[in-house]
2 protein chains.
Amino acid sequence: MQSFTEENYLKIIYHLAEKTGNVQTNAIAEQMQTKPASVTDMIKKLAEKGFVDYIKYQGVTLTEKGKNAAIEIVRKHRLWEVFLVDKLNFKWDEVHDVAEELEHIKSTALIERLDEFLGFPKSDPHGDPIPDKNGRFAITQFIKLIDLKVGDQGTITGVSQHSSAFLKHLEKLGLTLGKQIEISDVTDFDGSVEILIAGKQINISREVAKHILTSSNGKN
Amino acid sequence: MQSFTEENYLKIIYHLAEKTGNVQTNAIAEQMQTKPASVTDMIKKLAEKGFVDYIKYQGVTLTEKGKNAAIEIVRKHRLWEVFLVDKLNFKWDEVHDVAEELEHIKSTALIERLDEFLGFPKSDPHGDPIPDKNGRFAITQFIKLIDLKVGDQGTITGVSQHSSAFLKHLEKLGLTLGKQIEISDVTDFDGSVEILIAGKQINISREVAKHILTSSNGKN
DNA sequence: AATTATTTTTAGATTTACCTAAAAATATAA
DNA sequence: TTATATTTTTAGGTAAATCTAAAAATAATT
Ligand SMILES: [Mn+2]
Ligand SMILES: [Mn+2]
Ligand SMILES: [Mn+2]
Ligand SMILES: [Mn+2]
């Protein structure tokens, strides 16, 4: 059984590994909001326990055991987020911090019954996939909105930024999950994107467009 | 803000104070499953923070601040137990340990929305009262089943023992919350009690009868 | 290849919540 | 009212997770 702290390390290593493979000490420190020296200490402990493979100065990779543990935490986190939004009427920008705590509750019975209670959801309020109890993810395809071409149509299926500020901004613009959009123009000057949504034309910055994920239906 | 550990101490002091007023170091140690020396350490810290009044060798009492904090934790514990039973179909003997963890999740929004989601329940799956968000309890009256006289009728409204073994035993006997009972005999030999429930006669030990709480309708 | 910069690790402390063993205070019994 | 037993506190230490400062390894630049 892992401690609260070990679980947080595993989850962060897992997320970092999704992008970079080998995970560096400094990257972990930044995510954990702690010092590199503390990370080195914890890494040694996780290696000791068989959660990570570690070569001095070369960073870490999760072992199978470590990966399973991390996925279990991700599963809990996302299921709790669904609970908060679907059952307790939280907004999608309000759930992350509470889920950060709930994800550490130790009870397999609890999480399986919660899963059932929620109707075995496949994705969380931000469009992130929820692994099943065996740790398997449904294969998800997406295209960043920024990569769509003028004339392309698509549905908003997720976001790659979970800050409350960003999510509230999207909410205000009506850019929520499941919405149909079409790219009507891309501004040369600043790279901002003009999109057609619910019959209205709106303009979003390049920065915003980068963090919206869509399933494109291709050209119309 | 209190730590996980501090919260557990406060809750235990609160429950012990319900019976004895001044709470002794050894009693706390027993409940916390720790050593008296550790309790002394923590007591000093809680006194420092203004949660308890402490006189050396004389035990502690909760301050207003400490009592409020404790009641908040009791509220969370009991609301989560209702959630587990009513929504996730846990049995009443399965919920305590998980609630012990859930009670420490820090979010007033969460607990208020949970309360609403559950329909503002007044009592938990064991019949224990749930304080409202201002910390007020509905006044509850009960008579121990053991104190009823032959011929008395009553409704089972609670239990004063929460062990899984005891609760499972009651379940098997059909002695669950809300059930109507009548005392038909008390055995001289061992003090066991014969009760009429759902048209059937059953015999329960004195030990069991001590821990069943009822609202008596008096003599029939 | 040598210098400089960055990353990572070690060494040594700190804090929190524990512990054991011994001393001190209080309560109970003779 | 001594003597004995119980309760509580102090003293000193351990383990987990942190920290700062300095040393060592690796990477990037001249
Ligand atoms: Mn989240
Ligand atoms: Mn999410
Ligand atoms: Mn309970
Ligand atoms: Mn209960």
Side-chain angles (χ1 to χ4, degrees), chain A residues 1-17 19-62 66 69-70 73 100-101 103-104 106, chain B residues 1-17 19-62 66 69-70 73 100-101 103-104 106:
Chain A
M1 199 83 303
Q2 319 95 50
S3 73
F4 189 99
T5 311
E6 286 164 7
E7 288 191 346
N8 282 331
Y9 271 92
L10 288 174
K11 192 181 58 164
I12 276 166
I13 293 168
Y14 174 77
H15 286 311
L16 287 169
K19 296 163 193 171
T20 58
N22 231 56
V23 181
Q24 309 203 118
T25 303
N26 272 358
I28 299 170
E30 194 187 349
Q31 292 293 310
M32 283 292 296
Q33 311 214 73
T34 188
K35 304 289 157 173
S38 305
V39 173
T40 301
D41 286 346
M42 181 56 80
I43 277 174
K44 283 179 184 166
K45 190 173 155 196
L46 292 175
E48 190 98 346
K49 292 193 175 189
F51 288 113
V52 297
D53 290 321
Y54 169 52
I55 306 163
K56 261 192 194 178
Y57 291 99
Q58 300 308 127
V60 292
T61 52
L62 289 172
I73 300 157
E100 282 295 307
E101 294 190 52
E103 73 189 4
H104 300 290
K106 308 248 185 302
Chain B
M1 198 85 302
Q2 319 95 50
S3 74
F4 189 100
T5 311
E6 286 164 8
E7 288 191 345
N8 282 332
Y9 271 92
L10 288 173
K11 190 181 59 165
I12 277 166
I13 293 168
Y14 174 78
H15 286 310
L16 288 169
K19 297 163 191 170
T20 59
N22 231 57
V23 180
Q24 309 201 121
T25 303
N26 273 359
I28 299 170
E30 194 187 348
Q31 292 292 311
M32 283 292 297
Q33 311 213 71
T34 187
K35 305 289 158 171
S38 304
V39 173
T40 302
D41 285 346
M42 182 56 80
I43 278 174
K44 283 180 184 166
K45 189 173 155 196
L46 293 174
E48 189 98 348
K49 291 191 176 190
F51 288 113
V52 297
D53 290 322
Y54 169 53
I55 305 164
K56 262 192 192 179
Y57 291 100
Q58 300 306 126
V60 292
T61 51
L62 289 172
I73 300 158
E100 282 294 308
E101 293 190 53
E103 73 190 4
H104 300 290
K106 309 245 185 305

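Given the structure is predicted, the values throughout are model-derived calculations rather than measurements. Proteins get letters first, then strands, A, B, ... in listed order; numbering begins at 1 in each. All heavy atoms count here, side chains included; hydrogens, waters and symmetry mates do not.
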Side-chain donor/acceptor of S38(A) to backbone N/O of T34(A), under 3.5 Å: no
Rounded distance in Å - CE (M42(A)) to P (dT10(C)): 16 Å
Separation of dT18(D) P from E6(A) CD (nearest whole Å): 10 Å
Integer-rounded Å distance: dA16(D) C1' and F4(B) CZ: 16 Å
Of the nucleotides dC19(C), dT9(D), dT20(D), which one has an atom closest to the side chain of Y57(B)? dT9(D)
E7(B) CD to dT16(C) P: how many Å, rounded? 16 Å
Establish, with yes or no, whether the OP1 or OP2 oxygen of dT10(C) is under 4.0 angstrom from a side-chain nitrogen or oxygen of K56(A). yes
What's the closest nucleotide to the side chain of K44(A) if the choices are dT10(C), dC18(C), dT8(C)? dT10(C)
Using whole Å, report how far CG of N26(B) lies from P of dA27(C). 13 Å
Is a side-chain donor or acceptor of S3(A) paired with a backbone partner of E6(A) at a separation under 3.5 angstrom? yes
K44(B) and T40(B): side-chain contact (heavy atoms from CB on, under 4.5 Å), yes or no, with the steps? CA-CA 6 Å; K44(B) 283 180 184 166; T40(B) 302; 4.2 Å; yes
Under 4.0 Å, counting only non-hydrogen atoms across every strand here, what does T40(A) touch: a base, just sugar-phosphate, or nothing? base
Taking 4.0 Å as the cut-off, does a side-chain nitrogen or oxygen of T5(B) come that near to OP1 or OP2 on dT16(C)? no
Proximal nucleotide (of dC19(D), dC19(C), dT8(C)) relative to the K35(B) side chain: dC19(C)
In whole angstrom, what separates K49(B)'s NZ from dT16(C)'s C1'? 10 Å
Taking any heavy-atom pair under 4.0 Å as a contact, classify S38(A): base, sugar-phosphate, or nothing. base
Can you tell which of dT7(D), dT7(C), dT26(C) lies closest to the side chain of Q58(B)? dT26(C)
In this structure, are over 12 heavy atoms from other groups packed under 6.0 Å from E30(B) atom CD? no
Quickly work out the D41(A) CG to dA15(D) P distance and round it to whole Å. 15 Å
Any side-chain N or O of Q24(B) below 4.0 angstrom from OP1/OP2 of dT8(D)? yes
Figure out the CD1/P separation between I43(A) and dT18(D), and round it to whole Å. 12 Å
Mind checking Y54(B) for me? I need base, sugar-phosphate or nothing, with any heavy atom below 4.0 Å counting as a touch. sugar-phosphate
Closest heavy-atom pair and its distance - Y9(B), L46(B): CB-CD1, 3.9 Å
Would you classify Y9(A) as touching base, sugar-phosphate or nothing, given that sugar-phosphate means primed atoms plus P, OP1 and OP2, and contacts are heavy atoms under 4.0 Å? sugar-phosphate
Options dA11(C), dT8(D), dT18(D), nucleotide nearest the side-chain atoms of T25(B): dT8(D)
